[in-house]
Amino acid sequence: MTKFKTWDGLELNYRVWEGEGVPVVLQHGVVADTNANWMSTGVVGALQAAGRTVVSLDARGHGRSAKPHDAAQYSWEFMAKDVSALYDELGFDRVVQVGYSMGAIISLLVAAADERVERLAIGGVGSGVLDCGGVDRRVVELTDLQTAMGDDNEGAPSTAMMFRILADAVHADRQAIQALATGLDSRPISGLSEVTVPTLVLAGDNDPFAAEPERLADALPDGTLHVVPGDHLMAVIAPSFHSALVDFVK
């Protein structure tokens, strides 16, 4: 595990598993971190077994990275710039970018702006990217996530409380997650025409956040869809998720 200072001076944590080929850079979902989203689910192991170089970034507010409690230090743009800053730090000129849930939206923004991304894989998202510009607000509002992370979370819907349970399980800084949910309360994506690289959409067949994934794949200039079993938390564990990802990044 290594730390670096990103574009605005925040210290972020990343981890590298050495291998061959174009580096595969992983960006996790909200509340999770490198371990919860990628290591404990077997994704890193599957990519390592395929011989790939793997890099995973703990997003600001998460894992071992800095966790400011100021909402002004969080935005979709900021978090996309963090990923590009990591490319700079490691001297990458070609990458395969992979993101899940929150990380999928961040990765779409990176792929649209950074020419170093030559392939993209996104999971845990679907038509909400098109209809809501990012987070599928038909499933959960970020204001509900803010409530769920508070000391008094009465009234928070069950979907938001799922993330509270995860936050407690991974010992997340709930104040930082509240600040992040406030800072990210925007619609970052207005179109996908600039995401021209080959893109794999990985969707759990019982994941409400990945509803109508075929619409998302069809909206991407070079998108393909692979549906795997599982809900939002379990799809990433599915062996077919791992195998589809490994096949795509080869």
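The structure displayed is predicted, hence computed values, not measured ones.
Ring pair F92/Y87 is tilted by interplanar angle, where 30° to 60° counts as tilted.
Tracing side-chain contacts under 4.5 Å through hydrophobic residues (I, L, V, M, F, W, Y), one never reaches L120 starting from V22; they form parts of separate clusters. Criterion: ILVMFWY side-chain heavy atoms under 4.5 Å apart, direct or through other members. Under it, M102 and L26 are not part of a common hydrophobic cluster. A single hydrophobic cluster is seen to contain both F241 and L47, as judged by linkage of ILVMFWY side chains at heavy-atom distances under 4.5 Å, directly or through other members. Under the 4.5 Å side-chain heavy-atom criterion for ILVMFWY residues, no single connected hydrophobic cluster contains both V236 and F209. I189 and L216 fall within the same hydrophobic cluster, defined by Ile, Leu, Val, Met, Phe, Trp and Tyr side-chain heavy atoms under 4.5 Å apart, directly or through other members.
Checked by atom type and distance alone, the side chain of S75 pairs as donor or acceptor with a backbone atom of F78 at under 3.5 Å. Between the side chain of W76 and the backbone N or O of L184, at least one donor-acceptor pair lies under 3.5 Å. Remark: side-chain polar atoms of S40 are paired, donor with acceptor, to backbone N or O of N35 under 3.5 angstrom. Not a single donor-acceptor pair under 3.5 Å links the side chain of R94 to the backbone N or O of R116. With hydrogens and angles ignored, the 3.5 Å screen pairs no side-chain donor or acceptor of Y100 with any backbone N or O of V30. Although no hydrogens or angles enter the test, the distance criterion places a donor-acceptor pair under 3.5 Å between the side chain of S243 and the main chain of S240. Under a 3.5 Å cut-off, the side chain of H69 and the backbone N or O of Q175 do not form any donor-acceptor pair. Remark: side-chain polar atoms of H242 are paired, donor with acceptor, to backbone N or O of T41 under 3.5 angstrom. Side-chain N or O atoms of D205 include one that pairs as donor or acceptor with a backbone N or O of G230 at under 3.5 Å. Q178 places a side-chain N or O within donor-acceptor distance of the main-chain N or O of Q146, the cut-off being under 3.5 Å.
A donor-acceptor pair shorter than 3.5 Å can be found between the side chains of H232 and D207. For T147 and N153, the side-chain atoms include no donor-acceptor pair closer than 3.5 Å. N13 and S65 form no side-chain donor-acceptor contact under 3.5 Å, judged by distance and modelled atom types alone.
Nearest approach of M234 to D231, heavy atoms of both residues: N-OD1, 2.9 Å. When all heavy atoms are compared, the tightest approach of L108 to V195 is O-CG2, 3.7 Å. When all heavy atoms are compared, the tightest approach of R138 to S127 is NH2-OG, 3.0 Å. Taking both residues in full, the closest heavy atoms of A244 and L202 are given as CB-CD2, 3.8 Å, listed atom of the first, atom of the second, then distance. Taking every heavy atom of both residues into account, P229 and A238 meet most closely at O-CB, 3.8 Å.
A salt bridge links D131 to R215: at least one charged side-chain nitrogen sits closer than 4.0 Å to a carboxylate oxygen. Here R64 does not pair with D33 in a salt bridge; the nearest charged N to carboxylate O distance is not below 4.0 Å.
Using a 4.5 Å heavy-atom cutoff, the side chains of Q27 and M79 are not in contact. Using a 4.5 Å heavy-atom cutoff, the side chains of V135 and V125 are not in contact. Contact of the T2 side chain with the V16 side chain is not registered, since no non-hydrogen atoms from C-beta on lie closer than 4.5 Å. With a 4.5 Å cut-off on side-chain heavy atoms, L86 and L12 do not count as touching. Between T143 and D185 there is a side-chain heavy-atom pair separated by less than 4.5 Å. With a 4.5 Å cut-off on side-chain heavy atoms, V197 and D222 do not count as touching. Proximity of R174 to D151: side-chain heavy atoms (C-beta onward) are separated by under 4.5 Å at one or more points. No side-chain heavy atom of T224 sits less than 4.5 Å from a side-chain heavy atom of V201.
Residues satisfying the ring-ring contact (aromatic ring centres under 6.0 Å, His included) criterion with F248, sequence neighbours excluded, are absent altogether. Residues passing the side chain to side chain donor-acceptor pair (under 3.5 Å) test with T34, sequence neighbours excluded: S56, D58.
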When you look at T53 and E18, which way does the side chain to side chain donor-acceptor pair (under 3.5 Å) test go after all the steps? CA-CA 5 Å; T53 294; E18 297 289 351; 4.5 Å; no

Test log, rule side chain to side chain contact (heavy atoms under 4.5 Å, CB included), inputs F4 and E11: CA-CA 5 Å; F4 79 108; E11 196 168 62; over 6 Å; no

